[in-house]
Structures are given as structure tokens and as C-alpha cells.
Asker: 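Could you have a look at this structure, given as C-alpha cells, before my questions?
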Amino acid sequence: MKCHYCDREAVVRLPYAKLNLCREHFAEYLLRKLERSVERYKMFGKGSKVVVGVSGGKDSVTLTKLLSESGLAKLLVVHVNLSIGEYSRISVETVRRFSVEHGLDYLIVDLSEYGISIPELVAKTRRSPCSVCGMVKRYVLNALTLDLGYDALATAHHADDMAVYIVKSFLLQDYDQLYKISPVNYEVPGLAARKIKPLYEFYEFEIETFAKLYGLPFVSVKCPFKHVGWLERYVRELLDRAEEESPGFKISLLRSHARRTLSMRSAEQAKPKACASCGLISSGTECSFCRFTRRALGQPMGLVVRRWIIGEAAAGGTRRVTGTPPSSVG
Ligand code: FES
Ligand code: ZN
Ligand code: ZN
């Protein structure tokens, strides 16, 4: 099988684009696809400062690699250490290695001394580890992007996951969740950072193939808390079959969904409120992070996190392991 653009052997087949590509043309194709997504969804302007949330998995390292190759933005890699034993140790090391190898500024956020560690928080409440983990990461990354003066927060959600979340939210009639799923969630000044998903139209197999072809370091062990429920499994199977029948099905679904969500604002964004404890976005009097930590640790931790960011992180504290402090701060 020959590459569509040259005489080299193709290493990947993209059924939805009817293309077989060699290693070099595949990389070029993905880079162009990333640039087109940034433009199509008006994610950020050229020269913006973007925080990239990097867990160390294949998705987030691929996103960072492509963003950095594109030269579209000034990046800060941020990893939230969740203190999940060996899994977190490997993740921290991988993110560190990846960032150093690529000459990127990076920041490892470790708030375990304040009781913000997944095993500890889970032991004190009855919530599922994944939901606590998601909430903690969302809070820290949002606060950090705002408090360090960055323009946007990029995460590595890809098409296969986004399509599943859309269909699953619809089946559960969870419209709040459904409308939050979007390639761009606009900023609310002072309360919420702009959130972008540059891999919104990328298939997982493309990401994995790229990460392996280019020898990117990534964490392949699974988080010990990972749990996939029956509904998610079922929806994923259904969508995979639809994609097989009709290549490109998931991207069409995602584009139609984005057209709707981008033309409307979620209820939360329509009437933004500030958390009484930490001052960031909240749907009630107190944001979910402050409410949750108040229950689990006896006090709302939002302000503690924000002080840490403004103090230690911005001032180039011990956890900023490389690079200079962001120029907007100070
Ligand atoms: Fe968050 Fe597993 S990585 S619960
Ligand atoms: Zn080629
Ligand atoms: Zn709060």
C-alpha cells in the first residue's frame, strides 16, 4: 500500500478521509488537521498563551506535540499529581521527561500536603474516584489558567470519547451535561477560563498511531480507579459499529453537535455566579470543589489552591521544575 502523496510505503489508513499515508505525510496531515480545528472553532488567536492539561497519556502528549509543532501558541504544560500511588509516580515522570525532551515549560501541581489527593478524598466521602478526580483537575486547571493570566486551557479529549459522552448524555436526558460538551467553552472573565479541545475531531487510533510512530513517551498503565460502566460500553460499541458502516460518522455527529452548542450558552454561562468561598465560577452559592472539600476536609480549599498558584507556582516555586515564570505574572 503506497502513500497517497508520495512513493513511500503507507503506515496508516484513514478510512474517513479515504487516504493511505506514509509516516511523514501522516504527521503533516495531523498538523494541518489541528490547525484547521483551531481555526474552524476559533479556539484561540495566533500568539496566545495556552495551558495544556497533560496527564501523560497518549492523547495529551500527542496534543502537546502537535500544538508545539504548530507554533500557534506559547504553551505551559500542567500536570496535576493525583497521588494515586505508582500510577501517579509514572505519570509525573513521563510528563517531566516529555517536557524536558521537547524544551517545554512545565508545572507539576502537587497539593497532597493540603489533603488534595484522590485516595484521601475518596476515603473521606462516598463519591466515585473518577468523579472526584475530574472535579479536582477541572478546578485546579481552571484556577491556574485564570490566575496565571493564560488565554485558554487545552485538554486532549478526542472524537471517540466526545461522541460517546454526547450520546450517553442524551440517553440519560442530561441536557446540562450535553450542552457543556463542546470544542470551545467560552471564558467568563474572572470566573472561568476559556476551555478548548483541539483534538475534538481526532480519532483515537490516529492519536495512538502518531504517538507510537514518533516515539513519544506516554503512560500506558491504566489508572487503578478506571471504571467503565455498562452504558458507556454499550454506546461505544454502537458508535464504533456506525463508524465502520459509514466512515466519518462520528465527525459528522460532533460537527452537528458543535453547531448547536456554540450558538447557545450553557445555563451556567448565561448567569455566571461567583463562589462565595473562592470567587470562581459556581452554579450555586459555593462551587462544587469548595463544597466537596468542605465536606471531606473540613474547610473549602478553593482559596488555598488559588493562593498556592499565585504564590508558589507563579513565583517559580519548588514545583515549577523548569522554565521561567509566565511573563504575565509578577
Ligand atoms: Fe483520575 Fe483515574 S486518573 S481517577
Ligand atoms: Zn507520503
Ligand atoms: Zn469555590
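Atoms considered below: every heavy atom in the structure, side chains included; atoms not considered: hydrogens, waters and symmetry mates. Ligands are counted one by one from 1 in listed order, and the atoms in each one are counted from 1 as well. The structure presented is a predicted model; accordingly, all values stated were derived computationally and were not measured.
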Asker: Taking the Zn ion (ligand 3) as the vertex, how big is the angle to SG in Cys275 and SG in Cys278, rounded to 10°?
Answerer: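 Taking the Zn ion (ligand 3) as the apex, the two atoms subtend 100°.
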Asker: Under 30°, 30 to 60°, or over 60°: which ring-plane class applies to Tyr5 and His25, parallel, tilted or perpendicular?
Answerer: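 Plane angle between 30° and 60°, so tilted.
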Asker: Give me the residue, atom name and distance of the protein heavy atom closest to atom 1 (Fe) of ligand 1.
Answerer: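 Answer, as residue, atom name and distance: Cys133 SG, 2.1 Å.
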Asker: Restricting to non-hydrogen atoms, name the atom on Glu9 and the atom on Met1 that form the minimum distance, rounded to 0.1 Å.
Answerer: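 Taking every non-hydrogen atom into account, OE2-O, 3.1 Å.
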Asker: I need the nearest protein heavy-atom contact for atom 2 (Fe) of ligand 1: residue, atom name and distance, please.
Answerer: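 It is Cys223 SG, 2.1 Å.
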Asker: Angle at the Zn ion (ligand 3), SG of Cys287 to SG of Cys290, rounded to 10 degrees, please.
Answerer: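 Cys287 SG and Cys290 SG form an angle of 100° at the Zn ion (ligand 3).
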Asker: Report yes or no: is the cationic atom of Arg138 (NZ for Lys, CZ for Arg) under 6.0 Å from the centre of the six-membered ring of Phe289, at an angle within 45° of the ring normal?
Answerer: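 Geometry flag: not set, cation outside 6.0 Å or 45°.
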Asker: Run through Ile207, Val54, Thr155, Leu34 and flag the one making a side chain to side chain contact (heavy atoms under 4.5 Å, CB included) with Leu63.
Answerer: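 The side chain to side chain contact (heavy atoms under 4.5 Å, CB included) with Leu63 is passed solely by Leu34 among Ile207, Val54, Thr155, Leu34.
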Asker: Between Phe210 and Leu216, is there a side-chain heavy-atom distance shorter than 4.5 Å?
Answerer: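 They are in contact (side-chain heavy atoms under 4.5 Å apart), so the answer is yes.
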Asker: Counting no waters, what protein N/O/S atoms lie under 2.8 Å from the Zn ion (ligand 2)?
Answerer: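 N, O, S partners closer than 2.8 Å: Cys3 SG, Cys6 SG, Cys22 SG, His25 ND1.
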Asker: Could you tell me whether the side chain of Cys287 reaches within less than 4.5 Å of the side chain of Ile281, counting heavy atoms only?
Answerer: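 No, side chains not in contact.
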Asker: With a 6.0 Å cut-off on the ring centroids, do Tyr203 and Tyr16 count as close?
Answerer: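 Ring centres of Tyr16 and Tyr203 closer than 6.0 Å.
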Asker: With a 4.5 Å heavy-atom cut-off, do Leu239 and Phe249 have their side chains touching?
Answerer: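 Yes, side chains in contact.
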